[in-house]
Amino acid sequence: MLNKNQLLKFLSYKLIRFVLLMILVAIFSFVLLDLSPIDPVNAYLNQAAVSESQRAILYEYFGTGVPLHIKIFHWLSDLFHGNLGISLIYRAPVINIIFEKSSASIVLMALSWLFSGIIGFFLGVVAGKNKGSWIDKAVKVYCYTIQSAPSFWVGMLVLMVFAVYLGWFPIGFGVPIGVNSSDATFLEWASRLVLPTLTLSLVGLAPIAMYTRNELIQVLSSDFVLFAKSRGESGWDLIKNHGIRNILLPAITLQFLSFSELFGGAVLVEQVFSYPGIGQTAVAAGLQSDVPLLLGIVLFSAIFVFAGNLLADLSYYLIDPRIKENEIND
Amino acid sequence: MDNKTKMIMAGVAVVAIVLIGAFAFMGGSNDDDPAHLRVAMHSNIAEPKAGFNPLTGWGCGHQNYNPLVQSCLFKTDVNGSIVPDLATGYSISGDGKTWAVDVREDVKFSDNSTFDAEDVAFTFNTAKKTESELDLTNIENVTAINKTRVEFNLVEPRSTFIYDLRYVGIVPSDSYDNSTYGGNPIGTGPYVLDHWDKGQQAIFKINDNYYGHKPYFTQITLLFPEESTWLELTKSGEVDVAPVATSALNQTVDGYKFVEKSAGRAQGVSLPYLNDTGIVYNGTMKVGNNVTADKSIREALNVGINRQVICDDVFAGHATPEYTGVDTRDFANPDAKVADNDVEKAKQILKDGGWVDTDGDGIVEKDGVKASFSLYYPPDYLDRQSVSTVFAEQAKQLGIEVKLVGADWDTIYQNLYSSAALMQQTSPDPYKSVYQQYHSKEMDGFYMNPNLYNNSASDKLMDDAMHANDFNQANSLWSQSALVNGGGWGPAGDAPWVWIVNYDYNYFIKDGIDIGNQPDGLGNDVLINICEWTRTNSTA
């Protein structure tokens, strides 16, 4: 049984770390952004010709020239009141934009995360079980290749093959062109999710497959498997009874820790597929020096990655009874 | 592999095949109404992130433009002339500081409210205060005299004010709310915004209240894709109009015709006009360059390079040589041009200017200074990079060394006053393309008059042009300022720039679509005459 007090202690410890992390991330990213050489007014104007007086109006709007410590103070105090500010380029509250954009990304990221985890684990097990065979070699070659290929490049390949040459899927965008998105059918919507999800999954499954493969090989060469073999167990039963149980937990942990890569991958993939998610928004905010929006997204991604780590910790707690014992007896 | 594994793998394969099969039949769009139009917008009309609001970014600024939802006081006709739209006429006071504009009285906004002079006054007074690239700081105030007459009081007389009246879409004074208007715009234009999937597409439907000629297309979908996906988008057949990237200029796509439109978009190299006297502006920006400040260097480059070759090599012929930066405008001065591709003459100019190759390295020198300078360009544009490269190669044939530096815009701004930079301009408004470009100014670190060109005779003519009351008289004065007493900003004058090309905007337009007659040099909005567009075959 789970000890409630212990769990409470665990969670409050995490909460304190979370708050500290957020404050540090907030300050650090603000200072970094302020030090960046981008002139937000020039970035906004994009070489449009305006007079000095119009430029002055824009400088005031973008807050250029306000001392750093005053800007940080204003921003942090707004943040404590739950106000992330107004996006300069969208001219709408940052929180609304993040909410709107991330809902599209969450579906994409969740599906890719699930597929890359399940397929990656499956491939890893198959490869590990058949170590040295053609299937193992094929999985290895695939994983090494995909690990060293940038995800936007993989995305462009997928786009060219499946959308341009084969014409099976639409070329991009999250909705059918010329159709009101609320009139779009589920299939129309889903078909636009396939290629970005496929790309993210293809890229994401490599680490989990390689890791699972190595773990399984190790487990299979351990004493207790030798013992089981000597008792006559073999084939899938052996893997199922002794292998999977031992490698599942680290695999799950790894999968939760991959949240950060997932986020980074989504930024690139959304760009390639013109998919209107948080990744595209982050790029736009960064290129135009939209400080409130970019900081909002940074905080959001920090929460996202923190949640991944927390879930990984919790999964230890809930899945492996030995760890639960240890923590409780601390 | 035992049976279980095989079964699982077979199962996965079956599911995959079924899924792919299911999706295979639904690749294209279901929208096949011939009266619907799907347009991938050129990258210079980005999706307005703040919404379709002319006061915060939708079409405001510098292009010849059709804001679809809104209409403007004036518009551009097929000859490129500015003609009344919401306005019926205008007059300018003797001192040039008051413009009175009469407006139509038969116009309703798309929400059925009535348009009158009050809306015009409200639009301009609000736009003046709004933080955007729309620069109306020369307006003192705008007042509605009665329902059909509005008066603009200017800080300084400005003959180019007509361009501001041409470009600002009119919004309704009754319902305008700066924070919500962009997502729910109300205007007097031919279309209304029906639906907007942010980051993807905006769908417009016909405005039943539109006072002008009703367009053939009842629905327009605007897409805002990345330049890298233009060609794929065209090949997939999902759009009716898509721009052609420079890298795809020699491609053809079945079912589409290639349409070329002069953009009036000039690219050229700005050369620092002042000598290096050790001045450093703002602690970081060096001012002056002893090589480019020498007139014979600037003249030799203007005469010696082969502009046609650059048009052919970089733009596959979809460009025309550009000499003054405003060749295609009404206020251009043909006398200010020079004949180019004359290497011998260029070498002679250098020789006469005292530039001789004494050490035999192919680069000329004068008083121990090598004819060498840096040229900054933004490397994220393929065309600008290519133009810079070919320019540098050609300069070398003349004995001038051009060192190429690809850099971001903030770095380019830092080096404008001491190095050459590849710049580009579009505006048909002489205030922007002549006055701001060449009128002497204080250093300020920005891109207007980047080389600090300075000629008091030119300045005087430009000031006169700004203050002229008569449009034609103003155009004549702008034209004269390019060449005055052997000086002026044209290549035959002081030659502060080497203008090189005027490139075209190119589109793939689906067979059967007739885009009517468009004015040339219109910048980049292919939709400027959308009300004339039709589809002559019925297969969308």
Side-chain angles (χ1 to χ4, degrees), chain A residues 37-39 42-55 57-58 60-62 87 89-92 100-101 122 126 130 135 159-160 163-164 166-182 187-188 190-191 194 235-236 271-272 274-277 280-281 284, chain B residues 1-2 4-5 8 19-20 22-24 26-31 36 38 49-51 56 61-62 129 131-138 178-179 182 194-195 197-201 203 219 221 223 225-226 229 232-233 235-236 238-239 408-411 413 424-425 427 432 436 444 446-448:
Chain A
I38 296 175
D39 182 326
N42 281 340
Y44 172 80
L45 281 174
N46 198 12
Q47 292 102 55
V50 301
S51 68
E52 272 313 288
S53 25
Q54 183 66 21
R55 207 176 265 282
I57 295 176
L58 283 167
E60 193 171 331
Y61 177 67
F62 280 90
S87 159
I89 53 175
Y90 289 85
R91 294 172 199 255
E100 187 182 319
K101 299 284 179 179
F122 174 75
V126 171
N130 303 295
I135 196 163
L159 187 72
M160 274 162 71
V164 178
L166 297 176
W168 288 354
F169 294 98
I171 192 104
F173 301 102
V175 287
I177 295 172
V179 177
N180 193 323
S181 61
S182 49
L187 265 187
E188 281 174 330
S191 71
V194 173
W236 263 109
Q271 213 50 22
V272 172
S274 315
Y275 191 84
Q280 267 206 337
T281 314
Chain B
M1 214 184 301
D2 63 21
K4 236 176 182 171
T5 326
I8 292 175
L19 276 179
I20 289 171
F23 288 123
M26 39 168 304
S29 166
N30 295 329
D31 175 27
H36 288 187
R38 296 173 294 254
K49 298 221 159 44
T56 59
H62 52 297
K129 289 176 289 189
E131 313 85 358
S132 80
E133 65 183 81
L134 183 60
D135 180 0
L136 294 175
T137 51
N138 191 43
N178 199 32
S179 57
D194 180 59
H195 182 80
D197 292 313
K198 287 182 186 155
Q200 308 192 66
Q201 63 175 353
I203 302 177
Q219 178 182 310
T221 304
L223 300 161
E226 297 283 313
T229 59
E232 272 72 28
L233 202 56
K235 283 182 179 166
S236 75
E238 289 191 57
V239 291
D408 59 279
W409 280 108
D410 289 303
T411 311
Y413 296 149
Q424 141 171 317
Q425 74 162 10
S427 185
K432 287 170 178 164
Q436 287 192 311
D444 57 14
F446 302 115
Y447 39 79
M448 296 317 293

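Numbered from 1 within each chain, the chains take letters A, B, ... in sequence-line order. Both backbone and side-chain heavy atoms feed into the values below; hydrogens, waters and symmetry mates do not.
- For A/Gln54 (side chain) and B/Glu133 (main-chain N/O), no donor-acceptor pair under 3.5 Å exists by modelled atom type.
- Interatomic distance, A/Arg55 CZ to B/Asp135 CG, rounded to the nearest 0.5 Å: 10.0 Å.
- Distance check: B/Ser132 OG to A/Ile57 CD1 gives 9.0 Å after rounding to the nearest 0.5 Å.
- Counting heavy-atom pairs closer than 4.5 Å to chain B, the top-ranked of the candidates A/Gln280, A/Met160, A/Lys101 is A/Lys101.
- Salt bridge present: B/Glu131 and A/Arg91 bring a charged side-chain N and a carboxylate O closer than 4.0 Å.
- Interatomic distance, B/Gln200 CD to A/Tyr275 OH, rounded to the nearest 0.5 Å: 8.0 Å.
- Residue contact with chain B, scored on non-hydrogen atoms closer than 4.5 Å, involves the side chain of A/Glu100 exclusively.
- In this structure, chain A has heavy atoms under 4.5 Å from both the backbone and the side chain of B/Glu232.
- Heavy atoms of B/Lys235 lying under 4.5 Å from chain A belong exclusively to its side chain.
- In terms of the side chain to side chain contact (heavy atoms under 4.5 Å, CB included) criterion, residue partners of B/Thr411 (sequence neighbours excluded) are, by chain and number, B/Tyr376, B/Ala407, B/Asp408, B/Asn415.
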